[in-house]
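Since this is a predicted model, take the numbers as computed values, not measurements. Reminder, nothing fancy here: chain letters follow the sequence lines and each chain counts from 1. Just so it is clear, the values below take in all heavy atoms, side chains as well, and ignore hydrogens, waters and symmetry mates.
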Protein chains: 2
Amino acid sequence: MDEQPRISDAEWEIMKVIWAKSPATAADVIHALRDNKTWKDNTIKTLLSRLLQKGVLTYEQVNRVYYYSPALTEEECKRQERQSFLQRVYGGALKPMLVHFLKEEKLSSQEIDELKKILSEKEK
Amino acid sequence: MDEQPRISDAEWEIMKVIWAKSPATAADVIHALRDNKTWKDNTIKTLLSRLLQKGVLTYEQVNRVYYYSPALTEEECKRQERQSFLQRVYGGALKPMLVHFLKEEKLSSQEIDELKKILSEKEK
DNA sequence: CTCCCTCGATTACATTTGTAGTCGTTGATT
DNA sequence: AATCAACGACTACAAATGTAATCGAGGGAG
């Protein structure tokens with residue numbers, strides 16, 4: 001159980017791209033983010049380097065070019081973030097947090113049914 | 001709709017105390033955190049000052065001493081954090097996030113029933 | 001009246017983060 | 001062969017954050 005490195009907001013944007021389409025080059029990531037983000041190319045390259053240093057990414061080099069892949073799974077990282085959010089904001093109290101989300105956000109009937117089913121399965 | 005200031009991890013610890021027992025003096029906060037945290041008194045005072053600057057706290061002075069109170073409600077701040085977490089980690093996708101929490105964490109039967117009830121009420 | 005203690009204010013400083021520019025190298029272009 | 005474009009490495013720099021020490025003023029102890 002190594003300490004999970006902390007992934008910053010900007011770095012999450014990068015990681016989402018990598019998880020979706022790894023292995024990816026810097027150019028791939030830049031391309032994928034061109035529409036949503038106003039980052040300069042170098043900004044994205046800096047973020048990729050930092051993610052390498054942190055051990056969140058790995059790479060394989062082919063002719064001058066790095067092909068980046070995740071070193072940690074999306075699920076591990078998401079779990080880490082869930083825990084830290086739950087702890088920081090709710091002191092770890094799960095139910096109140098869920099209640100807030102459920103009461104405040106919109107869900108389709110179908111989604112509601114799915115959630116109810118999951119709850120029912122837990123209940124045994 | 002002013003921009004909500006961002007509350008850092010350490011600042012959340014302070015705010016939880018203030019929301020729980022405002023108005024509170026620096027000494028009160030220090031006392032409340034003495035067991036859980038290893039912070040020096042000055043660290044806590046620095047955090048209080050920063051929260052004042054950010055407009056998350058207000059104070060009332062009585063004989064040299066500040067009595068701090070929240071300038072923002074706990075609910076506002078929690079909502080802000082929920083949104084930012086949901087966006088950063090799940091790109092705003094509520095249901096998958098809820099599913100992860102529900103599947104991973106423990107809930108008592110009673111809590112499960114309460115959640116199901118809330119879901120049922122939404123369904124109309 | 002003097003000294004000390006305490007309070008908030010101010011200063012300190014390393015690390016992380018956001019956001020980018022510059023540099024040296026190498027493969028491609030003319 | 002000379003040039004250039006693109007890549008990753010390295011450098012830059014301000015703001016935020018974690019974590020604290022020091023300072024000046026005023027109130028209480030003696």
Side-chain angles (χ1 to χ4, degrees), chain A residues 3-18 23-34 36-69 77 80-81 84-85 87-89, chain B residues 3-18 23-34 36-69 77 80-81 84-85 87-89:
Chain A
E3 272 310 304
Q4 294 260 115
R6 179 172 277 246
I7 297 171
S8 77
D9 291 16
E11 288 164 355
W12 266 94
E13 295 300 315
I14 307 294
M15 288 309 296
K16 284 184 199 164
V17 174
I18 303 279
T25 65
D28 291 340
V29 177
I30 288 165
H31 190 76
L33 293 174
R34 195 165 291 297
N36 324 28
K37 286 294 179 175
T38 60
W39 290 332
K40 294 286 157 61
D41 294 6
N42 277 335
T43 299
I44 292 174
K45 292 184 184 183
T46 297
L47 293 169
L48 286 168
S49 297
R50 287 183 184 167
L51 287 163
L52 275 184
Q53 285 175 210
K54 290 186 180 185
V56 184
L57 288 181
T58 56
Y59 69 96
E60 198 185 335
Q61 189 170 0
V62 180
N63 303 328
R64 293 299 96 214
V65 177
Y66 283 12
Y67 286 80
Y68 297 94
S69 295
C77 293
Q80 168 70 27
E81 287 293 327
S84 107
F85 160 72
Q87 195 57 48
R88 179 166 36 95
V89 178
Chain B
E3 272 311 306
Q4 294 259 118
R6 178 175 278 248
I7 297 172
S8 77
D9 292 15
E11 288 164 355
W12 266 93
E13 297 298 315
I14 307 294
M15 289 308 298
K16 284 183 201 163
V17 175
I18 303 279
T25 65
D28 292 340
V29 177
I30 288 165
H31 190 77
L33 293 175
R34 195 166 288 295
N36 326 26
K37 285 293 178 177
T38 62
W39 289 332
K40 294 282 155 61
D41 294 5
N42 279 333
T43 299
I44 292 173
K45 292 183 183 181
T46 298
L47 292 170
L48 286 167
S49 297
R50 286 184 184 164
L51 287 163
L52 275 183
Q53 285 175 209
K54 290 186 180 186
V56 184
L57 288 181
T58 55
Y59 70 95
E60 197 185 334
Q61 188 169 1
V62 180
N63 304 328
R64 292 300 95 213
V65 176
Y66 284 11
Y67 287 81
Y68 297 94
S69 295
C77 293
Q80 169 72 26
E81 286 292 326
S84 107
F85 159 73
Q87 195 58 48
R88 178 164 38 92
V89 178

Check your understanding: Given axes from five pairs at either end, by how many degrees does the helix from C:dC1-D:dG30 to C:dT30-D:dA1 bend, rounded to 10°?
Key -> 20°
**Study point:** Residues which pass salt bridge (Lys or Arg N to Asp or Glu O under 4.0 Å) with A:R34, listed by chain and number, not counting sequence neighbours
**Key:**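 So A:R34 forms a salt bridge (Lys or Arg N to Asp or Glu O under 4.0 Å) with A:D41.
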Check your understanding: So which of residues 8-18 of chain A are in contact with DNA chain C, with a heavy-atom cut-off of under 4.0 Å?
Key -> A:S8, A:D9, A:A10
Separation of [N] [atom2] from [X] [atom1] (nearest whole Å):
X     : N      : atom1 : atom2 : result
B:Y67 : C:dC7  : OH    : C1'   : 12 Å
B:Q53 : C:dT11 : CD    : C1'   : 13 Å
B:D41 : C:dC7  : CG    : P     : 9 Å
A:L48 : C:dT17 : CG    : P     : 15 Å
A:R6  : C:dG18 : CZ    : P     : 11 Å

Review point. Base, sugar-phosphate, or nothing for A:K54, non-hydrogen atoms under 4.0 angstrom?
Key: sugar-phosphate
Check your understanding: Which part of the nucleic acid, if any, lies within contact of B:A27, taking any heavy atom under 4.0 Å across all strands shown: a base, the sugar-phosphate backbone alone, or nothing?
Key -> nothing
**Study point:** First-last contacting nucleotides on DNA chain D - partner chain A, under 4.0 angstrom, heavy atom
**Key:**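 The contacted stretch runs from D:dC7 to D:dA12.
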Point to revise | By side chain to side chain donor-acceptor pair (under 3.5 Å) - contacts of A:S84 (at least two apart) | key: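 Partners of A:S84 by the side chain to side chain donor-acceptor pair (under 3.5 Å) criterion come out as none, since no residue qualifies.
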Review point. Can you name the residues that form a side chain to side chain donor-acceptor pair (under 3.5 Å) with A:W12, not counting sequence neighbours?
Key: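 Testing A:W12 for side chain to side chain donor-acceptor pair (under 3.5 Å), a comparison that skips the adjacent residues, returns A:E81.
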Check your understanding: Is the number of heavy atoms from other residues, nucleotides or ligands within 6.0 Å of CD (B:E60) greater than 12?
Key ->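 Not buried by this count: 12 neighbours or fewer within 6.0 Å.
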Exercise for review: Please report the closest heavy-atom contact between A:Y68 and A:A26, naming both atoms and the distance.
Suggested key: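 In terms of heavy atoms, the two residues are closest at CE1-N, 3.9 Å.
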Table please: side-chain donor-acceptor pairs of residues 46-53 of chain A below 3.5 Å, with sequence neighbours left out.
residue : atom : partner : partner atom : Å
A:T46   : OG1  : A:N42   : O            : 3.0
A:S49   : OG   : A:K45   : O            : 3.2

Point to revise | Positions of residues 55-62 of chain B (non-hydrogen atom under 4.0 Å from DNA chain D), listed by number | key: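 Within residues 55-62 of chain B, no residue comes under 4.0 Å of DNA chain D.
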Exercise for review: Would you mind listing every salt bridge (Lys or Arg N to Asp or Glu O under 4.0 Å) that reaches into residues 4-18 of chain B, with sequence neighbours excluded?
Suggested key: A:R6-B:D9, A:D9-B:R6, A:R88-B:D9, B:E11-B:K54, B:E13-B:K16
Review point. Can you tell me how far CD1 of B:I18 sits from CG of B:D28, rounded to the nearest 0.5 angstrom?
Key: 8.0 Å
Review point. Between atom OH of B:Y59 and atom OH of B:Y66, what is the distance when rounded to the nearest 0.5 Å?
Key: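 Interatomic distance, B:Y59 OH to B:Y66 OH, rounded to 0.5 Å: 3.5 Å.
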**Study point:** Of all pairs that satisfy ring-ring contact (aromatic ring centres under 6.0 Å, His included), the ones with a partner from residues 36-58 of chain B, not counting sequence neighbours
**Key:** none
Identify each atom pair where a protein N or O and an N or O of nucleotides 20-27 of chain C are less than 3.5 Å apart, giving names and distance.
residue : atom : partner : partner atom : Å
C:dA20  : OP2  : A:K40   : N            : 3.3
C:dA20  : OP2  : A:T43   : OG1          : 3.3
C:dA20  : O5'  : A:T43   : OG1          : 3.3
C:dA20  : N7   : A:T46   : OG1          : 3.1
C:dA20  : N6   : A:T46   : OG1          : 2.6
C:dG21  : N7   : A:N42   : ND2          : 2.9

